[in-house]
**Student:** 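Please find one structure pasted underneath; my questions will follow.
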Amino acid sequence: MKKIIKGKNDVSIAVEDIGDGQPIIFLHGWPFDHQMFEYQYNYFLPRGYRVIGVDFRGFGDSNLVIEEYGYDTLADDIKLVLEELQIEEAILVGFSMGGAVATHYMARHQGFGIKKLILISAAVPQFAKTPAYSIGIKKLEITSMIDQIQIDRPKMIQDFIKKLFHEKTYVSYKDWLTSLALRASSYGMILAALAMRDENVQADLEQITVPTLICHGEKDTVCSYEVVEEMTQLILKNIVVPFRKSGHAIFHDETDKLNRTMLMFIQNKN
């Protein structure tokens, strides 16, 4: 069931809320929306879970507003969604940018409503390279992508999607992801890209106290597998599962393995 929930500053946040049972909350990556998790929804719904997909502001069916799009704001939106839905003991899943927001949420809101955390190809501790941090994408490259959004957004999206996969991908699948990205507002994409370029959640990792599953592709060229070492050093209770045949888009390259790994982690009583 599609719901509209008021986020920070009364911005309308679109939420897909389906099924019963223990809730699994999905936070999408840039520049997509919650529908990117379709093959996870189809797996978990018949197994008795409640699936909750959130569209970040400016993406999917959520409103675009011309204001702060930093991780503070996105985390606050999630907090208000969980309060409105009266969520307890949920599994929080974040992919790429969604992983960074999930990480920041856990620190900023002390893990409110969350029992376990799953980070998939997470853009943590930061997305961009800096003089003090050698892993990531050059800031100039991210800025160039932002510039291209304002000139030829469809091409920028298509070029970015090509970088996501390690396994061979059907054109129709790439077209589907492109259609999801084109549903986002162009300005929302720009504001979120600026947040990814400039923010750092390293200090947040140490504040995660719930069991955390880290799923990362060894062939990831968007968020290098090197970031896993830092996550394992800073997150207190973590399990790492490498995806040896995956690039950034684990949800495509090794769909079955990802779904099974998530289910095993969720069902584990420890």
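A quick note: this is a predicted structure, and the numbers were derived from the prediction, not measured. Side chains included, hydrogens not; waters and symmetry mates left out as well; all remaining heavy atoms used.
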**Student:** Is the side chain of D55 donor-acceptor paired with the backbone N or O of H34 at a distance under 3.5 Å, no angle test?
**Tutor:** yes

**Student:** From M189 CE over to L194 CG, what is the distance, rounded to the nearest 0.5 angstrom?
**Tutor:**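 Taking CE in M189 and CG in L194, the distance rounds to 11.5 Å.
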
**Student:** Output, in order, the C-alpha distance, side-chain angles, deciding distance and verdict of side chain to side chain donor-acceptor pair (under 3.5 Å) for H166 and D253.
**Tutor:** CA-CA 7 Å; H166 176 64; D253 287 343; over 6 Å; no

**Student:** Any donor-acceptor pair under 3.5 Å linking the side-chain atoms of E199 with those of Q126?
**Tutor:**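 Checked: Q126/E199 side chains show no N/O donor-acceptor pair below 3.5 Å.
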
**Student:** Check T232 against N238 and note the closest heavy-atom contact, atom names and distance.
**Tutor:**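 Minimum heavy-atom separation between T232 and N238: O-ND2, 3.2 Å.
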
**Student:** Check the surroundings of atom CD in Q267: do more than 12 heavy atoms from other residues, nucleotides or ligands lie under 6.0 Å from it?
**Tutor:**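 Buried by this count: over 12 neighbours within 6.0 Å.
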
**Student:** Under 6.0 Å between ring centres, would you say that holds for F95 and F251?
**Tutor:** yes

**Student:** Is there a salt bridge (charged side-chain N to carboxylate O under 4.0 Å, His left out) between K163 and D159? Walk through the geometry before answering.
**Tutor:** CA-CA 7 Å; K163 301 175 183 178; D159 290 345; over 6 Å; no

**Student:** In Å and rounded to the nearest 0.5 Å, what is the NZ to CG distance from K174 to L164?
**Tutor:** 9.5 Å

**Student:** Run the numbers on K245 and E218 for side-chain contact (heavy atoms from CB on, under 4.5 Å), then give the verdict.
**Tutor:** CA-CA 7 Å; K245 299 178 182 179; E218 291 188 353; over 6 Å; no

**Student:** Roughly how far apart are L263 CG and L258 CG, rounded to 0.5 Å?
**Tutor:**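 That separation rounds to 11.0 Å.
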
**Student:** Inspect the surroundings of CD in E88 and state if more than 12 heavy atoms from other residues, nucleotides or ligands are less than 6.0 Å away.
**Tutor:**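 Count not over threshold, so no.
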
**Student:** In the structure I gave you, are the side-chain heavy atoms of L92 and I118 within less than 4.5 Å of one another anywhere?
**Tutor:** no

**Student:** Evaluate the ring planes of W176 and Y39, with Trp represented by its six-membered ring, and classify them as parallel (under 30°), tilted (30 to 60°) or perpendicular (over 60°).
**Tutor:**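 Answer is perpendicular, since the angle exceeds 60°.
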
**Student:** Do V51 and I25 make a side-chain contact, defined as non-hydrogen atoms from C-beta onward lying under 4.5 Å apart?
**Tutor:** no

**Student:** Using ring centroids (six-membered ring only for Trp), state whether F56 and H28 fall under 6.0 Å.
**Tutor:** yes

**Student:** Under 4.5 Å between any side-chain heavy atoms of D20 and R50, yes or no?
**Tutor:** no

**Student:** Is there a path of hydrophobic side-chain contacts, each under 4.5 Å between heavy atoms, that joins I66 and I190?
**Tutor:** yes

**Student:** For Q22 and E89, indicate whether the former's side chain and the latter's backbone hold a donor-acceptor pair under 3.5 Å.
**Tutor:** yes

**Student:** Group every Ile, Leu, Val, Met, Phe, Trp and Tyr by side-chain heavy-atom contacts under 4.5 Å, then state whether I114 and L80 land in the same group.
**Tutor:**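 I114 and L80: separate clusters.
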
**Student:** Looking at A123, is its backbone amide N or carbonyl O close enough to the side chain of S96 to form a donor-acceptor pair, meaning the two atoms are under 3.5 Å apart?
**Tutor:**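 The answer is no, because no donor-acceptor pair under 3.5 Å joins these two groups.
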
**Student:** Can you see which heavy atom on D76 is nearest to which on R108, and at what distance?
**Tutor:** OD1-NE, 2.8 Å

**Student:** Say whether, by atom type as modelled, one donor and one acceptor occur between the side chain of K116 and the main chain of F265 under 3.5 angstrom.
**Tutor:** yes

**Student:** Would V124 and V227 satisfy side-chain contact (heavy atoms from CB on, under 4.5 Å), going step by step from the backbone distance to the final call?
**Tutor:** CA-CA 7 Å; V124 301; V227 303; 5.5 Å; no

**Student:** With the side chain counted from C-beta on, respond yes when K155 and Q148 share a heavy-atom pair under 4.5 Å apart, and no when they do not.
**Tutor:** yes

**Student:** Going from CD on E230 to CD1 on I235, what distance comes out if it is rounded to the nearest 0.5 angstrom?
**Tutor:**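 Result: 10.0 Å between the selected atoms.
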
**Student:** Spell out, yes or no, whether M1 and I13 are grouped together once hydrophobic residues are joined by side-chain heavy atoms under 4.5 Å, including indirect joins.
**Tutor:**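 No; tracing contacts between hydrophobic side chains, which count when under 4.5 Å, never links both residues.
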
**Student:** Closest heavy-atom contact between S12 and K6?
**Tutor:** OG-NZ, 3.0 Å

**Student:** Kindly say whether K8 contributes a backbone atom to a donor-acceptor pair with the side chain of D77 at under 3.5 angstrom?
**Tutor:**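 Confirmed, D77 side chain pairs with K8 backbone.
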
**Student:** Kindly indicate whether the side chain of R197, heavy atoms from C-beta on, has any atom under 4.5 Å from the side chain of I137.
**Tutor:**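 When only atoms from C-beta onward are counted, I137 and R197 do not touch, as no gap falls below 4.5 Å.
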
**Student:** Look at the side-chain heavy atoms of Ile, Leu, Val, Met, Phe, Trp and Tyr, link any pair under 4.5 Å apart, and say whether I18 and M36 land in one connected group.
**Tutor:**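 Linked within one cluster.
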
**Student:** Begin from the C-alpha positions of I52 and I87 and carry the test side-chain contact (heavy atoms from CB on, under 4.5 Å) through to its verdict.
**Tutor:** CA-CA 10 Å; I52 299 171; I87 296 297; 3.5 Å; yes

**Student:** Output the distance between atom CZ (F59) and atom CG (L180), rounded to the nearest 0.5 Å.
**Tutor:**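 Answer rounded to 0.5 Å: 12.0 Å.
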
**Student:** Parallel, tilted or perpendicular: which fits the ring planes of F37 and F26, with parallel below 30° and perpendicular above 60°?
**Tutor:**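 Plane angle between 30° and 60°, so tilted.
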
**Student:** Checking side-chain polar atoms at under 3.5 Å, does D72 have a donor or acceptor matched by the opposite partner on H104?
**Tutor:** yes

**Student:** Is R183 salt-bridged to D61, cutoff N-O under 4.0 Å?
**Tutor:**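 Salt bridge present between R183 and D61.
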
**Student:** Kindly say whether V210 contributes a backbone atom to a donor-acceptor pair with the side chain of T212 at under 3.5 angstrom?
**Tutor:**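 Yes; at least one donor-acceptor contact below 3.5 Å.
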
**Student:** Of all residues at least two apart in sequence or in a different chain, which pass the side-chain hydrogen bond (donor to acceptor under 3.5 Å, both in side chains) check with D147?
**Tutor:**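 Residues passing side-chain hydrogen bond (donor to acceptor under 3.5 Å, both in side chains) with D147: none at all.
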
**Student:** Does the side chain of V241 come within less than 4.5 Å of I214's, by heavy atoms?
**Tutor:**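 Answer no - side chains too far apart.
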
**Student:** Just by distance, no angles: are the side chains of H248 and D220 close enough, under 3.5 Å, to form a donor-acceptor pair?
**Tutor:** yes

**Student:** Could you tell me if S246 and E254 have a donor-acceptor pair between their side chains, going purely by distance under 3.5 Å?
**Tutor:** yes

**Student:** Determine, stepwise, if the pair F165 / H252 fulfils ring pair (Phe, Tyr, Trp, His ring centres under 6.0 Å).
**Tutor:** CA-CA 8 Å; F165 309 99; H252 166 272; 4.8 Å; yes

**Student:** Once you round to the nearest 0.5 Å, how far does CG of L213 lie from CG of L119?
**Tutor:**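 Reported to 0.5 Å precision, the distance equals 8.0 Å.
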
**Student:** Take atom NZ in K138; do more than 12 heavy atoms of anything else shown fall under 6.0 Å from it?
**Tutor:**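 Result for NZ/K138: open.
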
**Student:** Whether K219 engages the ring of Y225 as a cation-pi pair (distance to the six-membered ring centre under 6.0 angstrom, angle to the ring normal within 45°) should be assessed.
**Tutor:** no

**Student:** Can you find a heavy atom in the side chain of I208 that is under 4.5 Å from one in the side chain of L236?
**Tutor:**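 Heavy-atom side-chain distance check fails, nothing below 4.5 Å.
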
**Student:** Could you see if V15 belongs to whatever hydrophobic cluster contains V11? Use Ile, Leu, Val, Met, Phe, Trp, Tyr and a side-chain cutoff under 4.5 Å.
**Tutor:**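 Yes, because V15 and V11 connect within a single hydrophobic cluster, where side-chain heavy atoms sit under 4.5 Å apart.
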
**Student:** Does any N or O in the side chain of S144 come within less than 3.5 Å of the main-chain N or O of L140, such that one atom is a donor and the other an acceptor?
**Tutor:** no

**Student:** Could you pull out the closest heavy-atom pair between Y69 and A195, with the gap in Å?
**Tutor:** O-CB, 3.6 Å

**Student:** Determine whether more than 12 heavy atoms belonging to other residues, nucleotides or ligands lie under 6.0 Å from atom CD of E229.
**Tutor:**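 No, the 6.0 Å shell around CD holds no more than 12 heavy atoms from other groups.
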
**Student:** Provide the closest heavy-atom pair for P31 versus A184 in the form atom of the first, atom of the second, distance.
**Tutor:**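 P31 and A184 have their closest heavy atoms at O-CB, 4.1 Å.
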
**Student:** How far apart are the closest heavy atoms of L182 and R153, and which atoms are they?
**Tutor:**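 Reported closest heavy-atom pair: O-NH2, 3.4 Å.
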
**Student:** Can the ring centres of Y105 and F112 be said to be less than 6.0 Å apart?
**Tutor:** no

**Student:** Hey, mind stepping through N63 and R57 against side-chain contact (heavy atoms from CB on, under 4.5 Å) and telling me if it holds?
**Tutor:** CA-CA 6 Å; N63 277 3; R57 53 178 57 205; over 6 Å; no

**Student:** Taking C-beta and beyond as the side chain, do I120 and F243 meet within less than 4.5 Å on heavy atoms?
**Tutor:**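 Counting from C-beta outward, I120 and F243 never come under 4.5 Å.
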
